[in-house]
There are 2 protein chains.
Amino acid sequence: MTKPPQAGSEDAAAAGLRAIPEASVARLALYLRMLGELAEQGAETVSSDELAGVTGVNPAKLRKDLSYIGSYGIRGVGYEISALVRQLERTLGLDHLQAVALVGVGNLGHALAGYSGFGGRGFPVTALFDVDPDLVGIHINGIIVEHVQAIPQICAERGVTIGMIATPGPAAQGVCDLLVGSGVRCILNFAPVVLQAPPEVEIRKVDLAVELQILAFHVARRRLAQQDGAVLDGQVNGHATNGSGGMLT
Amino acid sequence: MTKPPQAGSEDAAAAGLRAIPEASVARLALYLRMLGELAEQGAETVSSDELAGVTGVNPAKLRKDLSYIGSYGIRGVGYEISALVRQLERTLGLDHLQAVALVGVGNLGHALAGYSGFGGRGFPVTALFDVDPDLVGIHINGIIVEHVQAIPQICAERGVTIGMIATPGPAAQGVCDLLVGSGVRCILNFAPVVLQAPPEVEIRKVDLAVELQILAFHVARRRLAQQDGAVLDGQVNGHATNGSGGMLT
DNA sequence: GCAACTTTGTGCGTGCCTTCACAAGCGACT
DNA sequence: AGTCGCTTGTGAAGGCACGCACAAAGTTGC
């Protein structure tokens, strides 16, 4: 949904800042989390094969992904987890805290505000906004919900770098404009709308209804295929590597 | 994240069931929603350029996407919206209702259960599950929360075709196994875990922390680029598709 | 110190997706 | 009826990503 940039400039490459494919960045974040879990279990090194097994990624692809952030592996041994984690965090910008603003504290927004997976991972939700007078003023997780009008002021005060939009569809574009006007350059959009913004603003979209429709398509495909009596196996997920983490409850 | 299957069989192609690229399916769902909005505004036809503007997609790509489901456009005019919507719904399997089961009625799960975007779009949430005794038995939107143990029985009774997992990470794999054992073949996973399942099961993952980390990467990249004093203007997004639709709210 | 084994890093072929550009088709106007 | 303008549908080219397979590099054992 987000567009693949023809990223990178030469000067940028000279710094530690290489042109990393968008698809790889998404996986790097995944590696980082799994490395965290491995570290908790007491591991000090991982091989690309192990980590690939846990993350469901092809080992070669994984190594190539890691090579984008520099060579931190030891041949014959694997990767030292702590060093790799540090480097990943640096690359993903987690060495600086990212203040997150959440706009729209309705059904979904309320859940996002309370989601522990954010604050625990370096993304403290720093500001909450809504238009509903019944919501403005209440506390969620210790944060006061402010009125949307206060976005410019508060975002500036608290150094917000990432905005999340969880409003109803029709309100989303207006909120987006407000955020962009306040200097926010990265937005995560949950509203079912395609946002328009200047090209320097990075927008990612999470569309739950679309996700379900994609699955519904597969259900339908399967049903039709069965009616046909055609073979048509699914083979979606490739990886049967049950290797390390059984991880039952 | 989900792997592109080497979809399609010849018999399947003979029926209305063509091999549609995974990436296209995702966009088809998007087109469908936007068409719905256009129809509400009273439009009867759209050109590929208009629809492309609204959805932020390249017009040629859009036409190719639509060509996968058959040619329903009229040259010189555009697409008749009602016919196109019908065909899209058929392709995406929305002509049959999809019963959805949601496992994990915690923070996020509760929000998902109450999200009107699902039921309103042909995805009635038909069953809710959790392990927490405080939650089992309560009603959400008129649905009783059942214990996870009841998954096999209830999924069979209610003909569940799609499962959503919104449990904490460690519980997710167990729930996944239960769902798969109950005949569910399509799963939407919100838990921060890579699920292992047989290849015939289609799994999609929505990972909120990863989404934020991807954005954080862009924040970091931007900061580093600025420190460099390098030129490196925005050009992250390609996305200049402001072409036709100003489409302000 | 040498040999055998392990694991990383990467060059390269392959296939999918995107995008351009144009011919074919349809309607409107004269 | 004929012409003109507009829009679809698609062939072909380019780019990106994936994954194989191998050389380079390090470790362990003798």
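A note on names: the letters A, B, ... follow the listed sequences, proteins ahead of strands, and every chain is numbered from 1.
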In short, salt bridge (Lys or Arg N to Asp or Glu O under 4.0 Å) pairs touching residues 64-79 of chain A with sequence neighbours left out are A:Arg27-A:Asp65

Hits for side chain to side chain contact (heavy atoms under 4.5 Å, CB included) against A:Glu211, two or more places apart or cross-chain, chain-then-number order -> B:Leu188, B:Arg204, B:Val206

From CG of B:Leu62 across to P of C:dC20 the rounded distance in Å is 14 Å

Hits for side-chain hydrogen bond (donor to acceptor under 3.5 Å, both in side chains) against A:Glu89, two or more places apart or cross-chain, chain-then-number order -> none

From OH of A:Tyr68 across to P of D:dC16 the rounded distance in Å is 11 Å

Closest of D:dT10, D:dC18, C:dT18 to the B:Ala60 side chain is D:dT10

Ignoring hydrogens and geometry, is there a side-chain-to-backbone donor-acceptor pair from A:Glu200 to A:Arg185 under 3.5 Å?
-> no

Taken in chain and number order and not counting sequence neighbours, the residues that satisfy side chain to side chain contact (heavy atoms under 4.5 Å, CB included) with A:Ala60 are A:Asn58, A:Arg63

By side-chain hydrogen bond (donor to acceptor under 3.5 Å, both in side chains), A:Arg121 pairs with (sequence neighbours left out) none

In whole angstroms, the gap separating P of D:dC16 from CD1 of A:Ile20 amounts to 16 Å

Atom CD of A:Glu80 and atom P of D:dT27 are separated, to the nearest Å, by 12 Å

When rounded to whole Å, the NZ to P distance for the pair A:Lys61 and C:dG13 reads 21 Å

Contacts of A:Glu80 meeting side-chain hydrogen bond (donor to acceptor under 3.5 Å, both in side chains) (sequence neighbours excluded), chain-then-number -> A:Ser82

Can you pull every protein N or O that's under 3.5 Å from an N or O on nucleotides 12-15 of chain D?
{"residue": "D:dA12", "atom": "N6", "partner": "B:Lys64", "partner atom": "NZ", "Å": "3.0"}

Pairs under 3.5 Å (Watson-Crick or G-U), crossing ones as [ ], inter-strand ones as |: DNA chain C comes out as ||||||||||||||||||||||||||||||

Residues at least two apart in sequence or cross-chain that pass side chain to side chain contact (heavy atoms under 4.5 Å, CB included) with A:Val25, listed by chain then number, are A:Ile20, A:Leu92, B:Ile214, B:Phe217

With B for base contact, S for sugar-phosphate-only contact and - for none (protein heavy atoms under 4.0 Å), nucleotides 1-9 of chain D reads -----BBBB

Worksheet item: Taking the side chain as C-beta and beyond, is there a heavy-atom pair between A:Leu35 and A:Leu51 under 4.5 Å?
Response: yes

In whole angstroms, the gap separating C1' of D:dA17 from CD of A:Glu22 amounts to 13 Å

Contacts of B:Thr161 meeting side-chain hydrogen bond (donor to acceptor under 3.5 Å, both in side chains) (sequence neighbours excluded), chain-then-number -> B:Gln98

With sequence neighbours left out, the residues meeting side chain to side chain contact (heavy atoms under 4.5 Å, CB included) with A:Leu178 are A:Val148, A:Ile151, A:Pro152

Rounded to whole Å, CD of A:Gln87 lies from P of C:dG9 at a distance of 12 Å

Rounded to whole Å, CZ of A:Arg27 lies from C1' of D:dG19 at a distance of 11 Å

**Message:** If the cut-off is 4.0 Å, is A:Asn58 near the phosphate of D:dA17, judged by side-chain N/O to OP1 or OP2?
**Reply:** no

